[in-house]
Amino acid sequence: MNKSTIIGIAFLLIATLLHFYYENDITDFLSGFFIGGGVVLLLSSIIKSKNKND
């Protein structure tokens, strides 16, 4: 696992915990921000690893 994969997983975990523990408009925005960033980091690390194998 590289750094971007670990950070992406951490962002997804933070977003999930943030959404369950707090109910607020700001936390909805932050959880969406963290989920979007986590998904982008995970997908970019997967695409980079596949390109290196080619």
Shortest non-hydrogen contact between Ser31 and Leu18, atoms and distance: N-CD2, 4.1 Å

Find out if a path of hydrophobic residues (ILVMFWY) with successive side-chain heavy-atom gaps under 4.5 Å connects Val40 to Ile35. no

Hey, which of Leu13, Ile9, Ile7 is the one that makes side chain to side chain contact (heavy atoms under 4.5 Å, CB included) with Phe11? Ile7

Distance, nearest 0.5 Å, that separates CG of Leu30 from NE2 of His19: 12.5 Å

Hey, what do you get for OH (Tyr22) to CG (Leu17), rounding to the nearest 0.5 Å? 10.5 Å

For Leu41 and Ser4, which heavy atoms make the closest approach, and how far apart are they? CB-O, 3.7 Å

Can you name the closest pair of heavy atoms from Thr5 and Leu42 and give their distance? O-CD2, 3.7 Å

Consider only side-chain heavy atoms of I, L, V, M, F, W and Y, link residues closer than 4.5 Å, and tell whether Phe33 and Phe20 are in one cluster. no

